[in-house]
Amino acid sequence: MSGHSHWAGIKHKKALVDAKRGKLWSKLAKAIIVAAKQGGGNPDDNIRLRAAIDEAKAVSLPKDNIMRAIKRGIGELDPVELQEVLYEGYGPDGVAVMASGLTDNTNRTAPEIRKIFEVCGGKMGQPGCVGWNFDKKGVIEVASDQKGEEEMMDLAVEAGADDVELQDDVYKFTCAPEAFDAVLTFLTNAGLAVEHSEVTYIPKDVMTISDVNVARKALKLTDALDEHEDIQSVAANFVIAEEILAQLENE
């Protein structure tokens, strides 16, 4: 889990500042479309849709865009077929990277993702090339100021989560993918405001990057993948040494 969250923490903090708004809104709209298609267009009855809408509102996605996405999901307006995709590959110094997404055109998306790997000093591999080193998990993030650590631990047990840990100012609950909706529903009903939720990939083993140039290239790759409008989630199996991380944050 640390490999995913270490660099992802940097990514999420800068997302609202320097991510291209159009691409970010496109990602969120796709998440709403899929959630509505899978569970219906009423957020009161569809926890995944409710979470997607809340996240969209947090980055000022217009209400009209949200409503259009819901209608597309339930087939009332310009229905779109989105296919789930998963790309695996290697980054600088052999780091393992998993990028999952939603696309309406795999013939367009796959070559674009391959090029991102290559431009950033990596290589896209065949399915399964690095997947063996990752577990698919549901991840739910809530701000740490909502409840104390003991209460969060109790909620994790009651919700059926596998684990919860404090990272910076966020508690991260993890659970099996099939338990994701139930855990998300329980935590929301318990009064917790969810900042981010997704089903993603968590590395089983991580490598520590102690070279600033390698760290810079690895972050360039994961950021470039994350910024692609068809990619919903990126995971990698590296952590960055504290002194190197501090150096990068000051650049």
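The analysis underlying the following values was restricted to heavy atoms, covering all of them including side chains, and did not include hydrogens, waters or symmetry mates. For clarity, every value in this text was computed on a predicted model and none was experimentally measured.
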Any donor-acceptor N/O pair, D205 side chain to N133 backbone, under 3.5 Å = no

Sequence-distant partners of R114, side chain to side chain donor-acceptor pair (under 3.5 Å), two or more places apart = none

Is the side chain of Y90 donor-acceptor paired with the backbone N or O of C129 at a distance under 3.5 Å, no angle test?
-> yes

With a 4.0 Å cut-off, would you call D230 and K30 a salt bridge?
-> yes

Separation between CD of Q126 and OH of Y87, rounded to the nearest 0.5 Å = 12.5 Å

Close side-chain approach of E149 to V164, heavy-atom, < 4.5 Å = no

For T103 against R108, the heavy-atom pair lying closest together | OG1-NH2, 3.4 Å

Spacing of OG1 belonging to T109 relative to CD1 belonging to I231, to within rounding of 0.5 Å | 7.5 Å

So L225 and I113, side chain to side chain contact (heavy atoms under 4.5 Å, CB included) or not? Walk me through it.
-> CA-CA 7 Å; L225 288 170; I113 299 304; 3.8 Å; yes

Are the charged groups of K172 and E141 less than 4.0 angstrom apart, N to O?
-> yes

Does V214 reach the side chain of F238, with side-chain heavy atoms less than 4.5 Å apart?
-> no

Please tabulate, for side-chain N and O atoms in residues 50-60, each donor-acceptor pair with protein atoms closer than 3.5 Å (sequence neighbours left out).
residue	atom	partner	partner atom	Å
R50	NE	P43	O	3.4
E55	OE1	H196	ND1	3.3
E55	OE2	H196	ND1	2.6

In Å, rounded to the nearest 0.5 Å, how long is the span from CD of E195 to OG of S144?
-> 8.5 Å

Exercise: identify the closest heavy-atom pair between Q146 and A193 = OE1-N, 2.7 Å

Any side-chain heavy atom of T200 within less than 4.5 Å of one from K137?
-> no

Given side chains that start at C-beta, do those of D163 and F173 come closer than 4.5 Å, heavy atoms only?
-> no

When hydrophobic residues are tied together by side-chain contacts of less than 4.5 Å, even through go-betweens, does V234 share a cluster with L248?
-> yes

If two hydrophobic side chains count as joined below 4.5 Å and joins carry through other members, does M152 share a cluster with V170?
-> no

Distance-only donor-acceptor hits, side chain of residues 175-186, under 3.5 Å, sequence neighbours excluded:
residue	atom	partner	partner atom	Å
D181	OD1	R48	NE	2.9
D181	OD1	R48	NH2	2.8
T185	OG1	D181	O	2.8

Closest approach of L245 to I240 (non-hydrogen atoms, all atoms of both residues) = N-CG2, 3.6 Å

Under the side chain to side chain donor-acceptor pair (under 3.5 Å) rule, collect the residues that match up with S26, sequence neighbours excluded.
-> E229

Do side-chain atoms of D135 reach the backbone of I202 as a donor and acceptor pair under 3.5 angstrom?
-> no

Can you list the residues that meet the side chain to side chain donor-acceptor pair (under 3.5 Å) rule with K27, with sequence neighbours excluded?
-> none

Among L221, I209, N213, side-chain contact (heavy atoms from CB on, under 4.5 Å) partner for P92 = L221

Identify the two heavy atoms, one from A236 and one from T222, that lie closest to each other, and give their separation to 0.1 Å.
-> CB-CG2, 4.1 Å

Would you name the heavy atoms of A190 and L155 that are closest together and state the gap between them?
-> CB-CD2, 3.9 Å

I244 vs D211, side chain to side chain contact (heavy atoms under 4.5 Å, CB included): CA-CA, chis, key distance, verdict | CA-CA 7 Å; I244 301 300; D211 181 289; over 6 Å; no

Between E88 (side chain) and P127 (backbone), is there a donor-acceptor pair under 3.5 Å?
-> no

Evaluate the side-chain proximity of V97 to V95: yes if any heavy-atom separation is below 4.5 Å, no if none is.
-> yes

Please tell me if the side chains of I116 and V119 come closer than 4.5 Å, counting only heavy atoms from C-beta onward.
-> no

Nearest-0.5 Å distance that lies between atom CG in D104 and atom CG in N107 | 11.0 Å

Do any side-chain atoms of residues 68-83 form donor-acceptor pairs under 3.5 angstrom with protein atoms, and if so which ones, sequence neighbours left out?
residue	atom	partner	partner atom	Å
R68	NH2	N65	OD1	3.2
E81	OE1	K37	NZ	3.1
E81	OE2	K37	NZ	3.4

Any donor-acceptor pair under 3.5 Å linking the side chain of S197 with the backbone of I140?
-> no

Roughly how far, to the nearest 0.5 Å, is the CD atom of E151 from the OH atom of Y171?
-> 9.5 Å

Distance-minimising heavy-atom pair for S100 and L86 = CB-CD1, 3.9 Å

For the pair E249 (side chain) and A246 (backbone), establish whether a donor and an acceptor sit closer than 3.5 Å, ignoring hydrogens and angles.
-> no

Value for CD (E227) from NZ (K23), rounded to nearest 0.5 Å, stands at 7.0 Å

